[in-house]
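Below is a structure I'd like to ask you about.
We name chains A, B, ... by the order of the sequence lines, and we start the count at 1 in each one.
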Protein chains: 2
Amino acid sequence: MSQYSSVSDGADRTAGKSGPKTERGRRTLRKLLDAAGEEFGLRGYHEAAISHITQRAGVGLGTFYVYFKSKEEVFRALVADMGARTRHALSESVKDAPNRIEAERLGIRAYLEFVRTHKSLYRIVMEAQFVAPESYREYYRAFSEGYRQQLTQAAARGEISKGDDEARVWALMGASTFLGLRYGVWQDNADIAAVSEAAADLMINGLAPRVKKGDAL
Amino acid sequence: MSQYSSVSDGADRTAGKSGPKTERGRRTLRKLLDAAGEEFGLRGYHEAAISHITQRAGVGLGTFYVYFKSKEEVFRALVADMGARTRHALSESVKDAPNRIEAERLGIRAYLEFVRTHKSLYRIVMEAQFVAPESYREYYRAFSEGYRQQLTQAAARGEISKGDDEARVWALMGASTFLGLRYGVWQDNADIAAVSEAAADLMINGLAPRVKKGDAL
DNA sequence: GACACACTTGAATATTGACTCATGTTTCAA
DNA sequence: TTGAAACATGAGTCAATATTCAAGTGTGTC
């Protein structure tokens, strides 16, 4: 069960010029990526040791450097992979939503579930802020770009209010991220359905007291 | 101009039993904390070197270990100090708000400004997630506790809607944190007033289309 | 079956920087 | 004035580990 079966063909892998040439090579690369994901997720970037990664993968120490130029490179590959997987999971979970409001509901819920089942990947992305800042920014740039388009189009359709979509996207991403940390990683037995309902309600209706039928406007 | 003039008397400092005994000692401790804040903020925990900290502070290398047991300890002291300062700045900026809705508005704005003028402290807190997880959790535990009480009381007064305040607090903290990163740290020439207005609007009114006078309910 | 290329290996290297310690200096109370 | 406690110092110790490299083994093709 390969955690990272989607081996991204980043331009900067070593092993010859552009990825392994043989089946054996592809297997080894996949084993290394999986092992690196486990090791970084469990111990964090600085505590992680290349020798542990190769042991987990069941290959010799030197083999690592056939496939990656450095410890940082494999980390960056992992962050990029994680970004693609997260975006994919979210767009899948939201694709049948009848409108943006409903998509937000589904998205929050799906994100919390994704975090819970991919704790170590979550950690890797967060730590990228310090280990590989460029990868981190790229992760959120890509994410926010797609998200912003969704909001802008929905606003044009009248499904949501108009507003500064860049700022709203960052606020929404931040909210989900922190909820993921609090309820997905730290307290991983919380009732995710209830939490995501509460969060979705906040994001959709805000904190303001509800306008009820018959209230003066 | 001491960045960290509020030297917290954490129980675990070295130098005898509980902090410096003489004025000279207090001055040296303050210089070390200031220097450590600069160094960690600029280079991050792992790139930071004790020797750089002592050079910045203008003291000998050995002096560091008179005041701190380890690199990690000074980092933890910094995170705790940062927490106290952030909470203080925010509660100050919000104390004259006539109601919770207005307090949220002011709070977001004040937070973005605080982050922009304390970029390095922001970085230190974020990195604590990986360097000193206990300190990080304590930072947010303390923060969220106060925040949650405010929300709960405001809800009882009818100033805001009722809801799962723990979840709402985490969503709100996350939103502010990400906005701080995006507009306070990364793009530090953004129009903070406009961004915080947009963010406050989202948090107060949500994404839902506005109910206008005369709309059917 | 033999050449070439892809891949594997782990002992040895090299760097780095946190932390110790033995010694020296300053402060201050009596 | 003096003794003890507080403080200051930086050369040297030491462990950790990322990375290199020279010597292999496997795989496929003509």
Side-chain angles (χ1 to χ4, degrees), chain A residues 7 9 12-36 39-40 42-78 127 130-132, chain B residues 7 9 12-36 39-40 42-78 127 130-132:
Chain A
V7 172
D9 281 341
D12 48 1
R13 189 132 343 91
T14 311
K17 209 59 187 169
S18 53
K21 297 275 177 292
T22 71
E23 180 53 30
R24 177 166 65 137
R26 279 186 290 275
R27 262 202 315 274
T28 302
L29 172 55
R30 191 142 60 227
K31 281 192 289 182
L32 280 170
L33 278 169
D34 284 353
E39 174 77 0
F40 284 133
L42 216 55
R43 335 217 333 165
Y45 182 80
H46 294 279
E47 295 294 305
I50 305 295
S51 62
H52 289 167
I53 293 175
T54 53
Q55 273 173 264
R56 267 179 204 278
V59 302
L61 174 54
T63 304
F64 178 89
Y65 291 92
V66 173
Y67 293 91
F68 300 101
K69 272 201 285 292
S70 65
K71 188 179 181 183
E72 239 189 84
E73 189 188 289
V74 71
F75 188 82
R76 268 177 294 186
L78 246 22
E127 195 167 13
F130 306 100
V131 173
Chain B
V7 171
D9 281 340
D12 49 0
R13 190 129 344 91
T14 311
K17 209 60 187 170
S18 54
K21 296 276 174 294
T22 70
E23 180 53 30
R24 177 167 68 137
R26 278 186 289 277
R27 262 200 317 272
T28 303
L29 172 56
R30 191 141 61 227
K31 281 192 290 183
L32 280 170
L33 279 168
D34 284 354
E39 175 77 1
F40 284 133
L42 216 56
R43 333 217 337 167
Y45 181 81
H46 293 280
E47 294 295 305
I50 304 294
S51 62
H52 289 166
I53 292 175
T54 53
Q55 273 172 264
R56 266 179 205 279
V59 303
L61 172 56
T63 304
F64 178 89
Y65 291 93
V66 174
Y67 293 90
F68 300 100
K69 272 202 285 293
S70 66
K71 188 180 181 182
E72 240 188 84
E73 188 187 291
V74 69
F75 188 82
R76 269 179 274 148
L78 247 23
E127 196 166 14
F130 306 100
V131 173

Those residues that, when tested against B/L61, pass side chain to side chain contact (heavy atoms under 4.5 Å, CB included) (two or more places apart): B/I50, B/T54
Between P of D/dC7 and NZ of B/K31, the distance in whole Å: 13 Å
Partner residues of B/E47 under the salt bridge (charged side-chain N to carboxylate O under 4.0 Å, His left out) criterion, sequence neighbours left out: none
A/F40: partners by ring-ring contact (aromatic ring centres under 6.0 Å, His included), with sequence neighbours left out: A/Y45, A/F75
A/T28 side-chain N/O to C/dT8 phosphate OP1/OP2 under 4.0 Å: yes
B/H46 versus B/V131, closest heavy-atom pair with distance: NE2-CG2, 4.3 Å
Most 5' of B/R27 and B/R43 on DNA chain C, judged by nearest nucleotide: B/R43
Nearest-angstrom distance from the residue atom CZ of B/F68 to C1' of C/dT20: 18 Å
Interatomic distance where CD belongs to A/E73 and P belongs to D/dT19 [whole Å]: 10 Å
Nucleotides 21-30 of chain D: protein proximity per nucleotide (B base, S sugar-phosphate only, - neither; heavy atom, under 4.0 Å): ----------
Spatial distance of atom CZ (B/F64) from atom CG (B/L29) [nearest 0.5 Å]: 10.5 Å
Sorted by number, the residues of residues 44-55 of chain B with heavy-atom contact under 4.0 Å to DNA chain D: none
Value rounded to 0.5 Å, distance of CG in A/L78 from CG in A/D34: 9.0 Å
Heavy-atom pair with the smallest gap, counting every atom of B/V74 and B/A36: CG2-CB, 3.8 Å
Residues that B/H52 engages under side chain to side chain contact (heavy atoms under 4.5 Å, CB included), provided they are two or more places apart: B/E39, B/R43, B/A49, B/Q55
Closest to the B/V59 side chain, choosing from D/dT19, D/dT9, C/dT9: D/dT9
Euclidean distance, atom CZ of residue B/F64 to atom P of C/dT20 [Å, nearest integer]: 11 Å
Atom-pair distance (CZ on B/R26; P on D/dA6), nearest Å: 13 Å
Terminal helix-axis angle for the helix from C/dG1-D/dC30 to C/dA30-D/dT1, with five pairs defining each axis and rounding to 10 degrees: 10°
B/R76/B/E73 salt bridge by N-O under 4.0 Å criterion: no
Atom-to-atom span, NZ of A/K71 to P of C/dT15 - whole angstrom: 19 Å
A/E23 CD to C/dT8 P, straight-line distance once rounded to whole Å: 12 Å
Residues that A/A57 engages under side chain to side chain contact (heavy atoms under 4.5 Å, CB included), provided they are two or more places apart: A/K31, A/L32, A/A35, A/V59
Side chain of A/P20 - closest among D/dT19, C/dT8, C/dC7: C/dC7
Nearest heavy atoms of B/P20 and B/Y67, plus distance in Å: CG-CE2, 4.0 Å
Side chain of A/T63 - closest among D/dA6, C/dT8, C/dC7: C/dT8
